[in-house]
Amino acid sequence: MKDKKDILIQQLLDGKGSELENILEEMIDDEDLEAYNLLYEALKEKPKQGLSYSYKSSVIRRIEAEKKQADDTLFYCALGMVSLVGASLIATMFYISKDAFASVFETITKFKGFIIIIIVFILLSKILDQRFIKNRV
């Protein structure tokens, strides 16, 4: 019932229903009508405070960042697929011609401990470098 009363008051204030005055007199009191009248008057005025000057640029920046992120994701997916195909081709070449690379495999087997230490050192230095950079920023 309250929704119907609200609709009738709005129509009366919009000037659409002069015959509604008789119906509304029975349904509402003067306080409701005054409240709606104040609301309509306030809505006619322009807001004093608008959007900030940087709102437009920040929205554009956010949209561009989302688009760039989507483009970057697509690029990295394509790069991953190309890397996977390349690694598969290289592994296949090693497997097919393992006799030609026998000396390389023997050298790797002799120095596998040294190679593992180098790989661990590189990964550890990269991780520590990233942690220090994140702490500074």
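All values below come from the heavy atoms of this structure, side chains included, with hydrogens, waters and symmetry mates left out.
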Q: Rounded to the nearest 0.5 Å, what separates atom CD1 in I127 from atom CD in Q130?
A: 9.5 Å
Q: Does D71 form a salt bridge (Lys or Arg N to Asp or Glu O under 4.0 Å) with K67? I'd like the steps, not just the answer.
A: CA-CA 6 Å; D71 292 344; K67 184 180 177 193; 5.2 Å; no
Q: Would you say the side chain of V85 lies within less than 4.5 Å of the side chain of M81, judging by non-hydrogen atoms?
A: no
Q: Do the side chains of V82 and L74 join up, straight or via other hydrophobic residues, at under 4.5 Å, putting them in one cluster?
A: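 V82 does not cluster with L74.
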Q: About how many Å separate OG1 of T107 and CD1 of I115, when rounded to the nearest 0.5 Å?
A: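 One finds 8.5 Å between CD1 of I115 and OG1 of T107.
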Q: Give me the atom names and distance for the closest heavy-atom approach of S88 to T92.
A: O-OG1, 2.7 Å
Q: Honestly curious: do I108 and I90 fall in one hydrophobic cluster under the side-chain, below-4.5 Å linking rule?
A: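 Yes: a chain of side-chain contacts under 4.5 Å links I108 to I90.
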Q: With rounding to the nearest 0.5 Å, note down the distance linking CD in Q69 to OH in Y76.
A: 11.0 Å
Q: Distance check, rounded to the nearest 0.5 Å: I60 atom CD1 versus S54 atom OG?
A: 11.5 Å
Q: With hydrophobic residues grouped by side-chain heavy-atom distances under 4.5 Å, do I122 and F114 end up in a single group?
A: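 Shared cluster, yes.
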Q: Could you state the interatomic distance from CG (L124) to CD1 (I117), rounded to the nearest 0.5 Å?
A: 12.5 Å
Q: To the nearest 0.5 Å, how far apart are CG in L89 and CD1 in I96?
A: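 Atom-to-atom, L89:CG and I96:CD1 are 9.5 Å apart.
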